[in-house]
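Just below is one structure, and these are the notes that go with it.
One-based numbering along the sequence shown. Only a predicted model underlies this, so the values are computations on that prediction, with no experimental measurement involved.
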Amino acid sequence: MADEAKAKGNAAFSAGRFEEAAGHFSDAIALAPANHVLYSNRSAALASIHRYSDALADAEKTVELKPDWAKGYSRLGAAHLGLGDAASAAAAYEKGLALDPSNEGLKAGLADAKKAAGAPPRRAPSGGADAIGQMFQGPELWTKIASDAATRAYLDQPDFMQMLREVQRNPSSLNTYLSDPRMMQVLSLMLNIKIQTPQDSDFSQSSSPSQPPPQQQKQQPETKAREMEPEPQPEPMEVSDEEKERKERKAAALKEKEAGNASYKKKDFETAIQHYTKALELDDEDISYLTNRAAVYIEMGKYDECIEDCDKAVERGRELRADFKMVARALTRKGTALAKLAKNSKDYDIAIETFQKALTEHRNPDTLKRLNEAEKAKKDLEQQEYYDPKLADEEREKGNEMFKQQKYPEAIKHYNEAIRRNPKDARVYSNRAACYTKLGAMPEGLKDAEKCIELDPTFTKGYTRKGAVQFFMKEYEKAMETYQAGLKLDPNNQELLDGIRRCVEQINKANRGDISQEDLQEKQSKAMQDPEIQNILTDPIMRQVLMDFQENPRAAQDHLKDPGVAQKIQKLINAGIVQTR
């Protein structure tokens with residue numbers, strides 16, 4: 001059972017679903033709590049989603065269970081580095097290298113840790129959602145909330161304090177809480193602008209920002225100078241004849257490898273094979289000779305020989321406790337050979353499984369790319385075998401009949417089958433979008449409408465479907481843009497003209513403030529998740545413009561002479577952030 005959960009975790013990790021992978025590894029740990037590999041894998045998954053504190057706990061458990069396993073120290077170093085503790089990261093990598101001096105991953109990690117130790121502190125990004133979230137990080141947050149009469153009482157509300165701490169821990173989670181008017185009020189306070197609510201009647205912004213208290217300077221503890229004694233020079237050591245011969249053979253093997261590399265670049269594959277084979281005879285403790293020879297076999301189309309070499313490299317790498325990147329390389333080349341063979345055998349499953357195993361050893365972008373290609377090839381093959389336009393048309397007609405009878409779930413089933421039979425028919429996506437709209441599944445309907453337009457940009461029905469979905473989602477500005485795009489193809493299309501008329505009515509209604517508080521909060525919450533709105537609110541120039549609308553109306557009118565500024569102001573009005581009466 002633990003192996004099954006581990007396999008699921010590895011597959012999820014390979015596909016980039018790190019949260020899911022961590023869950024599977026947790027299930028495996030519950031069944032096999034003494035398995036150090038499971039903690040190591042979960043540490044990697046947690047680090048991938050920046051949960052470095054949890055990743056550190058798992059890495060420490062890995063090292064506790066298996067103190068002589070170098071990879072555990074690699075996980076430990078990565079977690080420390082993620083937490084910004086470069087010194088501890090370097091110490092962890094050094095412990096790992098003491099166990100496995102040739103491990104390239106540990107060497108690279110140590111280099112990164114040393115570089116981070118000497119680098120200046122990173123500055124937070126200045127724009128977008130992260131910039132807004134970062135405003136909740138500074139010490140002035142608590143002072144501002146406590147000194148403002150409108151927000152002071154929030155500090156006594158446990159649920160609000162929990163939300164605020166979550167935003168401080170993870171700034172990107174701010175969007176989750178924007179539907180809460182208290183959070184909107186605090187955001188207004190931190191941005192030094194007044195976000196409009198139905199109770200507000202002016203096109204105005206908050207008063208000038210309060211000055212935060214000066215930052216408390218942390219006194220750095222003085223360090224006492226230590227007198228360092230010079231390190232004694234190592235005495236020369238006598239080298240045995242056996243050790244001398246071993247070094248000579250390794251040196252000769254490296255020369256053969258270099259010669260093989262040169263022949264490979266010249267596409268003299270037979271000569272390259274000879275050099276790599278000679279290198280293996282001289283030194284069987286370096287699996288790179290096997291993986292290099294496997295690469296040549298791929299170029300020669302000798303896929304079975306490549307697979308045999310890769311299997312040997314993996315097995316020998318395990319025995320030698322080789323760098324996990326080298327093992328991953330062997331598995332990637334094996335997967336590549338299997339994918340080549342699958343073009344004839346039509347069986348991509350074993351290639352996909354091999355690439356997934358490679359990614360559990362080392363998450364390499366090239367391996368991930370090859371995995372995606374193999375999965376796409378498998379999907380395309382299945383689609384080719386299933387393709388039948390005639391049957392697709394029959395299923396589409398059945399779906400249309402169910403739609404007329406208002407049996408929308410049944411209609412969707414027929415449309416699904418039609419798409420599987422012919423995924424290039426834009427009409428089916430348009431019809432299924434209409435079904436999803438009737439069922440209130442707006443995200444699915446929007447996706448289908450966009451696919452319809454992608455397949456046939458001249459099909460005006462696709463624009464009416466997309467505009468209708470956006471209208472029901474209360475995204476009136478976007479819906480109007482969609483309808484206008486459709487009118488460029490068919491200026492007299494009545495559905496498109498009616499859609500624009502309905503959008504204009506709703507936009508004018510919102511601009512007049514004739515909208516419920518619930519609808520306004522929903523509108524503002526959606527707007528605050530729009531990157532364009534986020535960039536406008538964090539733009540220092542636009543923040544000054546917004547303040548001028550309250551404090552200096554004449555200057556505000558001058559600002560509106562700039563078409564760019566006027567367009568941004570209109571964007572904020574349409575989004576419900578500010579209102580005119």
Side-chain angles (χ1 to χ4, degrees), residues 11-12 14-15 17 335 338-353 355-356 369-473 482-483 485-486 489-490 493-496 499:
S14 300
R17 302 191 302 273
L338 289 167
K340 297 283 187 181
L341 290 171
K343 291 181 179 180
N344 293 323
S345 68
K346 311 298 184 185
D347 182 6
Y348 284 92
D349 288 340
I350 188 171
I352 291 171
E353 181 183 353
F355 285 132
Q356 290 172 341
K369 177 184 175 183
R370 292 175 186 272
L371 170 62
N372 292 337
E373 289 173 349
E375 290 177 335
K376 183 179 182 300
K378 178 185 176 182
K379 184 177 180 181
D380 290 345
L381 178 63
E382 292 173 347
Q383 183 62 55
Q384 289 172 11
E385 294 174 346
Y386 206 69
Y387 181 77
D388 191 326
K390 183 178 179 180
L391 288 177
D393 287 341
E394 293 177 4
E395 290 294 334
R396 178 171 57 83
E397 289 300 331
K398 291 178 182 177
N400 293 346
E401 187 61 33
M402 292 295 103
F403 185 90
K404 292 176 183 178
Q405 298 177 27
Q406 299 183 4
K407 297 179 179 179
Y408 304 120
E410 290 83 354
I412 286 176
K413 291 180 181 178
H414 288 295
Y415 291 141
N416 289 344
E417 182 63 19
I419 288 172
R420 282 194 289 268
R421 291 292 183 182
N422 183 9
K424 301 298 183 181
D425 189 347
R427 296 171 299 173
V428 189
Y429 287 98
S430 171
N431 294 358
R432 193 170 68 175
C435 277
Y436 281 132
T437 305
K438 292 290 186 180
L439 292 171
M442 300 306 170
E444 292 82 356
L446 181 62
K447 183 178 179 181
D448 269 2
E450 289 175 340
K451 184 65 176 180
C452 172
I453 294 172
E454 176 191 332
L455 291 172
D456 187 356
T458 65
F459 187 45
T460 55
K461 182 62 75 172
Y463 296 92
T464 59
R465 299 294 192 212
K466 181 178 179 181
V469 173
Q470 291 170 324
F471 184 89
F472 284 121
M473 294 174 74
T482 300
Y483 288 133
L489 300 170
D490 185 2
N493 187 294
Q494 194 59 45
E495 282 188 274
L496 296 170

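- Residues D393 and R396 are paired through a salt bridge, judged by an N-O separation under 4.0 Å between the basic side chain and the carboxylate.
- Here E395 contributes atom CD and N416 contributes atom CG; the two are 10.0 Å apart, rounded to the nearest 0.5 Å.
- Between L446 atom CG and Q470 atom CD the span is 6.0 Å, to the nearest 0.5 Å.
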* Asked: Stepwise, does the side-chain contact (heavy atoms from CB on, under 4.5 Å) test hold for F403 with N431?
  -> CA-CA 9 Å; F403 185 90; N431 294 358; over 6 Å; no

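- Note that the CD atom of E454 and the CZ atom of F459 stand 15.0 Å from one another [nearest 0.5 Å].
- The backbone N or O of S430 lies less than 3.5 Å from a partner atom in the side chain of R465, making a donor-acceptor pair.
- The two residues C452 and A426 make their nearest non-hydrogen contact at SG-O, 3.4 Å.
- With hydrogens and angles ignored, the 3.5 Å screen pairs a side-chain donor or acceptor of Y483 with a backbone N or O of A468.
- Between K398 and E401, no side-chain nitrogen of the basic residue sits less than 4.0 Å from a carboxylate oxygen of the acidic one, so the salt-bridge criterion is not met.
- For the pair Q356 and E375, the minimum side-chain heavy-atom distance is below 4.5 Å.
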* Would you check, one step at a time, whether the test side-chain contact (heavy atoms from CB on, under 4.5 Å) holds for Q406 with Y408? => CA-CA 5 Å; Q406 299 183 4; Y408 304 120; 3.5 Å; yes

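- Between the side chain of Y463 and the main chain of P457, a donor-acceptor pair closer than 3.5 Å is present.
- Under 4.0 Å is where a charged nitrogen must lie from a carboxylate oxygen, and between D490 and K461 no such pair does.
- A donor and an acceptor atom, one from each side chain of Y386 and E417, are located under 3.5 Å apart.
- A distance of 9.0 Å separates CD in Q405 from CD in E410, rounded to the nearest 0.5 Å.
- Taking CD1 of I453 as the start and OG1 of T482 as the end, the distance is 6.5 Å to the nearest 0.5 Å.
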* **Verdict with supporting geometry, N422 and D388, side-chain contact (heavy atoms from CB on, under 4.5 Å)** => CA-CA 6 Å; N422 183 9; D388 191 326; over 6 Å; no

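- When all heavy atoms are compared, the tightest approach of V469 to G445 is CG2-C, 4.0 Å.
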* For side-chain contact (heavy atoms from CB on, under 4.5 Å), just list the numbers for L338 and Y348, CA-CA rounded to whole Å, side-chain angles, deciding distance to a tenth of an Å, and then say yes or no. => CA-CA 8 Å; L338 289 167; Y348 284 92; over 6 Å; no

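- Smallest separation of non-hydrogen atoms from Q383 and I419: NE2-O, 4.4 Å.
- L439 is listed as a side-chain neighbour of I412, based on a closest heavy-atom distance under 4.5 Å.
- Here the closest non-hydrogen pair linking T460 and G486 is CG2-O, 4.2 Å.
- D347 contributes atom CG, which lies 8.0 Å from atom NZ of K378 (distance to the nearest 0.5 angstrom).
- At least one donor-acceptor pair under 3.5 Å links the side chain of Y415 to the backbone N or O of N400.
- Here the side chains of Y387 and P423 are in contact, with some heavy-atom distance below 4.5 Å.
- When all heavy atoms of C435 and A411 are compared, the pair lying nearest together is SG-CB, 3.6 Å.
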